[in-house]
Amino acid sequence: MDFIKRAGLYLRQKIGRTLLITLVMSAIMIFVLAGIIIQNAAIQATNSAKNAAGTTVTLSANREKAFAAMRKSQESASSSSSSSTTRPSISLPGVSITTAEKIAALSNVAGYQFSNSASVNASGFTAITTTSSSGGFKGGPAGDTSTQGDITISGVSTTAAETNFKSKAYTITSGRGITSADKNTNNVVIESELATSNKLKVGDTIKVKTTATTSKTYEMKIVGIYKAKTTSGSAAQGGPGQQSDPSNTIFSSYTFAGTVNGDSTTVTSVVYTLTDSSKEAAFTKAAKKLVSSSFSLTSSAETYALLMKPMKNVQSFANKIVWVVGIAGTIILALITVLMIRERRHEIGVLMSLGESKVKIVLQLFSELFAILVVSLVIAGVAGNFVGNAVGKQLVSQQTTATQTTTAGAGFGGGRGGGSGAPTAGGANRGTMTATGSQVQTLKTKLSGSAMAELGGLGLGIIAIAVVAGSTPIFRLKPKKILSNE
């Protein structure tokens, strides 16, 4: 073990050179550790978002096919007549409840959520009116208000499974939410601002009228009141071109919304939650056999991939940092080792002439760099997390915040029309699966034991390769030749 003692003596004697190599190795270790920390944080953020979102498949009308049919109809009309004043529109079929329940019976389905929507007018109470300083649109397209009411009835299987309630954007403040027990009832949940302005409470009844020429009146019982913390996800429910306050959204069972629309056999869309995300493709394939081409099945994995793209980019960049810095560090340390050996030829020649093996001389060089590596790891452990956090923020800040919307069915220009004459999906919400969210803007960087262990392993690999590459000339040297050249 004399080579370890000699390594310690050399490091103390050449303190200036030792400090210089320590600074170089510390810089290498800090940036490698920063890359590892950022990479781990990006992986954790991606996995957390995936686990939180879950895997869902949405069944709704096929928007692309509906548009193709509309274009074909327009072409036929233009060929038969030189002028037409008919506004283009698409017809979107509703999802049969019977078919939807058959799909729900397939394996790998943890639960499902029916969604329906209807537009009505308040009767005996006043809807919340929202005005905009920018002079936003009011009413339907081109000012047409004949088919668009001031209240949106959002029919669901349960409010607990509704997107806004799941994300805590909406919370129940009084009473209860809609449950499966509310099927075929007129129980509703209203927003707190609507309740306050009309002095309504749980247990009261309210009335709404359909927007058809021959309107019908429906009485509803308030079983709960919710608070909308944000306007996202609800402002669009008033339909295309209309500025609607989210307080005017009333939640009911999907069956009641269907009754108002005049069609209780279909719904707007169905969202299936899967038990195993790895079997999503098999589920989609089996479900497609039960529906026609007029409907589409859209997986939340597509939207998830779009929202997580920035994290994938950060993860990829961090991986490149580790590789580039690691390779560059190996080359730098190998060159330093070569220079050290060239300057220590006499020392090496004396040791070899005294019978010291070449392997122990190489181990002495390794011991010297290993001792420096230990100090560098301590320095990297202190500074690495700060550097990783700073670099991570800079990387993420370069990614643009965006909202990705995967549309599976709805479109402007009306719905399929129900008995009430209102768009059966509440305008733009008809047959859509909307996944709205901002891309991840922050990374929770954290120094962990596994990261330090990984850094230590990479550090050992770097100095091992550097020593082997730099000390290769030693194995070709002969003590007599070394000393005679001095």
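Because the structure is a prediction, the values reported are computed rather than measured.
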Side chains of [X] and [Y] in contact at under 4.5 Å (non-hydrogen atoms):
X	Y	result
Lys279	Leu274	no
Thr266	Val95	no
Val223	Thr185	no
Leu200	Ile222	yes
Ile97	Phe114	yes
Asn62	Phe295	no
Val291	Ile103	yes
Ile190	Asn198	no

When rounded to the nearest 0.5 angstrom, what distance separates [atom1] in [X] from [atom2] in [Y]?
X	Y	atom1	atom2	answer
Ser293	Lys288	OG	NZ	11.0 Å
Ile321	Ser316	CD1	OG	10.0 Å
Glu219	Ser123	CD	OG	10.0 Å
Phe165	Thr171	CZ	OG1	8.0 Å
Met29	Ile379	CE	CD1	11.5 Å
Met220	Ile151	CE	CD1	7.5 Å

For [X] and [Y], indicate whether the former's side chain and the latter's backbone hold a donor-acceptor pair under 3.5 Å.
X	Y	result
Asn248	Thr152	no
Ser115	Thr268	no
Asp150	Ala122	yes
Gln113	Ser157	yes

Quiz item: For the side chain to side chain donor-acceptor pair (under 3.5 Å) test, which of Thr159, Thr158, Asn164 pairs with Glu162?
Solution: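 When Thr159, Thr158, Asn164 are each tested with Glu162, the side chain to side chain donor-acceptor pair (under 3.5 Å) holds only for Asn164.
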To check you understand the geometry: which heavy-atom pair defines the closest contact between [X] and [Y], and what is its length?
X	Y	answer
Ile225	Ala195	CD1-CB, 3.9 Å
Met25	Ser376	CB-OG, 3.5 Å
Ser197	Ile128	OG-CD1, 3.4 Å
Thr99	Leu290	CG2-O, 3.4 Å
Gly326	Val32	N-CG2, 4.2 Å
Leu373	Gly459	CD2-C, 3.7 Å

Quiz item: In a check of side chain to side chain contact (heavy atoms under 4.5 Å, CB included) between Ser215 and each of Val208, Asn121, Val120, Thr210, which one passes?
Solution: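 Output: one option passes, namely Thr210.
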Practice problem: Would you tell me whether Asp263 and Thr265 have side-chain atoms, one donor and one acceptor, within less than 3.5 Å of each other? | Solution: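 Per modelled atom types, Asp263 and Thr265 side chains form a pair under 3.5 Å.
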Quiz item: Does the side chain of Asn108 pick up a donor-acceptor pair with the side chain of Thr275 at under 3.5 Å?
Solution: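 Their side chains do contain a donor-acceptor pair, which is all the 3.5 Å distance test asks for.
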Compile the donor-acceptor pairs under 3.5 Å between side chains in residues 251-259 and protein atoms, sequence neighbours left out, one pair per line.
unit_1	atom_1	unit_2	atom_2	d
Ser253	OG	Thr255	N	3.4
Ser253	OG	Thr255	OG1	3.0
Thr255	OG1	Asn184	N	2.8
Thr259	OG1	Thr255	O	2.9

Quiz prompt | Sequence neighbours excluded - salt bridge (charged side-chain N to carboxylate O under 4.0 Å, His left out) pairs with any residue from residues 177-206 | solution =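 Pairs touching residues 177-206 that pass the test: Arg176-Asp182, Glu193-Lys227, Lys201-Asp204.
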Quiz item: Which is it for Ile36 and Leu458 under the side chain to side chain contact (heavy atoms under 4.5 Å, CB included) test, yes or no, and what are the steps along the way?
Solution: CA-CA 11 Å; Ile36 293 173; Leu458 288 173; 3.8 Å; yes
